[in-house]
Amino acid sequence: MTQTGQDRAARIGRAIHDRLAPVTLDIVDDSARHAHHAGAREAGKGGETHYNVLVVSTGFEGMGRVQRSRLVHDLLGGEFASGLHALSLTLRTPDEHERMPRG
């Protein structure tokens, strides 16, 4: 069964949405920029290996950065087992996101 980057991105989105009900969720497939890396070549010949993910959710309230990251990595364990190689995560509460400079 062949999967496209949009399929993996959709699965990532569903897993995050189901657990965290984010107010903002932005998933960007960055695999093409990493295609020459050994891990990317080994993990998936068709891309779908590297993603930048922004999640803004009240579900992160009371959690530190490491705890937030572990939660998201745990949610996506099946994706890592099937070829996802790396995530660049930005994980914020709505209040934290509002305080970020725009521009």
Side-chain angles (χ1 to χ4, degrees):
M1 179 171 166
T2 303
Q3 301 168 346
T4 67
Q6 288 190 353
D7 288 340
R8 186 180 304 273
R11 290 192 309 270
I12 289 170
R14 279 191 302 273
I16 291 171
H17 191 274
D18 289 350
R19 170 61 175 80
L20 293 167
V23 295
T24 300
L25 177 59
D26 186 25
I27 302 168
V28 177
D29 185 346
D30 197 30
S31 302
R33 287 191 44 218
H34 299 274
H36 64 283
H37 295 174
R41 286 193 305 268
E42 293 167 13
K45 293 176 179 58
E48 302 182 289
T49 58
H50 291 68
Y51 288 84
N52 298 322
V53 181
L54 166 66
V55 183
V56 179
S57 172
T58 58
F60 293 135
E61 290 176 1
M63 291 184 183
R65 287 177 39 201
V66 172
Q67 193 176 12
R68 294 173 189 190
S69 182
R70 284 183 182 154
L71 171 62
V72 173
H73 277 84
D74 288 348
L75 292 174
L76 301 177
E79 296 302 325
F80 280 104
S82 68
L84 178 61
H85 181 70
L87 290 173
S88 173
L89 297 173
T90 302
L91 309 172
R92 300 181 183 135
T93 67
D95 288 341
E96 292 166 343
H97 193 64
E98 278 298 312
R99 290 194 303 263
M100 296 304 298
R102 305 285 182 223

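These values consider heavy atoms only, across backbone and side chains, with no hydrogens, waters or symmetry-generated copies.
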Q) Would a distance-only check, ignoring hydrogens and angles, find a side-chain to backbone donor-acceptor pair under 3.5 Å from T93 to F60? A) no
Q. Hey, what's the ring geometry for H50 with H85, parallel, tilted or perpendicular (30° and 60° as the breaks)?
A. tilted
(Q) Rounded to the nearest 0.5 Å, what separates atom CG in D30 from atom CG in L87? (A) 11.0 Å
Q: Applying side-chain hydrogen bond (donor to acceptor under 3.5 Å, both in side chains), name anything that partners H17, two or more places apart in sequence or on another chain.
A: none
Q) Going hydrophobic residue to hydrophobic residue with side-chain gaps under 4.5 angstrom, can you get from V28 over to L84? A) no
**Q.** Atom pair CG/CG of N52 and D26 - distance to nearest 0.5 Å
**A.** 8.5 Å
Q) Does the side chain of R8 reach to within under 4.5 Å of the side chain of D29, using non-hydrogen atoms? A) no
Q) What are the two closest non-hydrogen atoms of R68 and M63, and how far apart are they? A) NE-O, 3.1 Å
Q.
L75: which residues meet the side-chain contact (heavy atoms from CB on, under 4.5 Å) condition with it, sequence neighbours left out?
A. R19, L20, L71
Q: Please list, chain by chain and in numerical order, all residues satisfying ring-ring contact (aromatic ring centres under 6.0 Å, His included) with H97, sequence neighbours excluded.
A: none
Q | Shortest non-hydrogen contact between V23 and P94, atoms and distance | A | CG2-CG, 4.1 Å
Q. Linking Ile, Leu, Val, Met, Phe, Trp and Tyr by side-chain heavy atoms under 4.5 Å, what else ends up with M100?
A. none
Q) R14: what forms a side-chain contact (heavy atoms from CB on, under 4.5 Å) with it, not counting sequence neighbours? A) A10, R11
Q. Which atoms form the tightest heavy-atom contact between T49 and S31, and what is the distance?
A. N-OG, 2.8 Å
Q.
Test side chain to side chain contact (heavy atoms under 4.5 Å, CB included) on I12 and L76; report intermediate values, then the result.
A. CA-CA 7 Å; I12 289 170; L76 301 177; 4.0 Å; yes
**Q.** Pairwise side-chain contact, V53 with V72, heavy-atom cut-off 4.5 Å (strictly under)
**A.** no
Q: With sequence neighbours left out, write down each residue that passes side-chain contact (heavy atoms from CB on, under 4.5 Å) with T24, or none if nothing qualifies.
A: L54, V56
Q) Taking side chain as C-beta onward, heavy atoms only, is E48 less than 4.5 Å from S82? A) no
